[in-house]
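Heads up, the thing below is written out as structure tokens.
The figures that follow rest on heavy atoms only: side chains count, while hydrogens, waters and symmetry mates do not.
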There are 2 protein chains.
Amino acid sequence: MVKIGTGIGIGALGKATGVNIETIRYYERIGLLPKPDRTLAGYRQYGGEHLRRLSFIRKGRDLGFSIEAIRALLRLAEHPEQPCEDADRMTAAHLAEVERKIEELGRLRDALRGMAHCRAGTVAECRIIDALAS
Amino acid sequence: MVKIGTGIGIGALGKATGVNIETIRYYERIGLLPKPDRTLAGYRQYGGEHLRRLSFIRKGRDLGFSIEAIRALLRLAEHPEQPCEDADRMTAAHLAEVERKIEELGRLRDALRGMAHCRAGTVAECRIIDALAS
DNA sequence: GATGAGGTCTGTAGCGGCTACAGGGTCAAG
DNA sequence: CTTGACCCTGTAGCCGCTACAGACCTCATC
């Protein structure tokens, strides 16, 4: 291992953040995670800043924010003196979207519950098939 | 218009079923909807069977079934003498998946509600950014 | 018969957010 | 010196569409 400065490899970064290695490389490719230094052999070497940034991304993804939303939130986080209206607006919009999806899925669930557990016997009298075919 | 037999065009089929024209062609391409006859000019001509089948597909999609699930359900619907266990099992599995998603989104909603409506003022004290960065 | 508006055709590429290879290089331990 | 774990690049695939470009066809109107 040829070390240039101190840092961790992509595997360690992945373990530390819970992000798949391939995903980390993907984030680099789309410019979400800055390109790290490389060892002489060409291995990526990450530092604390990368770790923090990738954790941020991971948490944002876990909360369901889109990549573009996270990009915007990262830009905001880099400018602590700015007002946080934008972050608030984005979160509210995302929350509304999540609530909308919950309602939609709730309606779906009710529809599915209403037709499931068909004990008719054959497809000819099956309530499920019938619900779709009618 | 060169008519061969009687049938409706792709636009009329789309309107009748609420399915986008491009999507109809897509369904044909992936073998979900059988290839229709063509007029001499090469226009697709759909009949009642296509209409029924596409409605079935549409309803299945509205219920959130995957394309592959719908393919299986269509095969079932074509064999009315068979037992409908499979349809029941698929619906139950899908219902469970929908319920799982609802719970997951509920957790997401709670997390977002807990951090939203940040009135801190600047990003430096923003609860939203903080939640992601910490 | 010319024109224009709308419908339709094929083929291909793009979306989001990864994920999965193939085919190679690198490194440390035994 | 070999083994096995790690890492590299580049590309293609997943799902379910959607959006073109560039052509062709049909019909109503003048």
For a quick test of reading the model: is some side-chain N or O of [X] closer than 4.0 Å to OP1 or OP2 of [N]?
X: A:N20; N: C:dT19; answer: yes
X: B:T23; N: D:dG16; answer: no
X: A:R58; N: C:dC18; answer: no

Could you state the atom-to-atom distance from [atom1] of [X] to [atom2] of [N] in whole Å?
X: A:Y46; N: D:dC6; atom1: OH; atom2: C1'; result: 14 Å
X: A:F65; N: C:dG16; atom1: CZ; atom2: C1'; result: 17 Å
X: A:Q45; N: D:dC6; atom1: CD; atom2: P; result: 15 Å
X: A:Y26; N: D:dA12; atom1: OH; atom2: P; result: 17 Å
X: A:I24; N: C:dT19; atom1: CD1; atom2: C1'; result: 14 Å
X: A:R29; N: C:dA20; atom1: CZ; atom2: C1'; result: 12 Å
X: A:I8; N: D:dC7; atom1: CD1; atom2: C1'; result: 14 Å
X: A:D37; N: D:dC8; atom1: CG; atom2: P; result: 13 Å

Consider the side chain of [X], meaning its heavy atoms from C-beta on, and name the nucleotide among [options] that approaches it most closely.
X: A:Y43; options: C:dG7, C:dT26, C:dT19; value: C:dT26
X: B:I21; options: C:dG17, D:dG16, C:dT8; value: C:dT8
X: B:R25; options: D:dC7, C:dT10, D:dT9; value: C:dT10
X: A:I10; options: C:dC18, D:dT18, D:dC7; value: D:dC7

Would you call A:E104-A:R107 a salt bridge at under 4.0 Å N-O? no

Check B:E22 with B:R29, please: is the shortest side-chain N to carboxylate O separation under 4.0 Å? no

Roughly how far apart are B:L74 CG and B:L32 CG, rounded to 0.5 Å? 6.0 Å

Across the strands shown, which category fits [X] at heavy-atom distances under 4.0 angstrom: base, sugar-phosphate, nothing?
X: B:R44; result: sugar-phosphate
X: A:I30; result: nothing
X: B:R61; result: sugar-phosphate

For atom NZ of B:K59, is the number of surrounding heavy atoms from other residues, nucleotides or ligands below 6.0 Å larger than 12? yes

Tell me the ring-ring contact (aromatic ring centres under 6.0 Å, His included) pairs involving residues 80-102 of chain A, sequence neighbours left out? A:F65-A:H94

Below 3.5 Å, does any donor atom in the side chain of B:Y27 face an acceptor in the base of D:dG16, or the other way round? no

If you find the nucleotide of DNA chain D closest to B:E68 and the one closest to B:E22, which residue's nucleotide is nearer the 5' end? B:E68

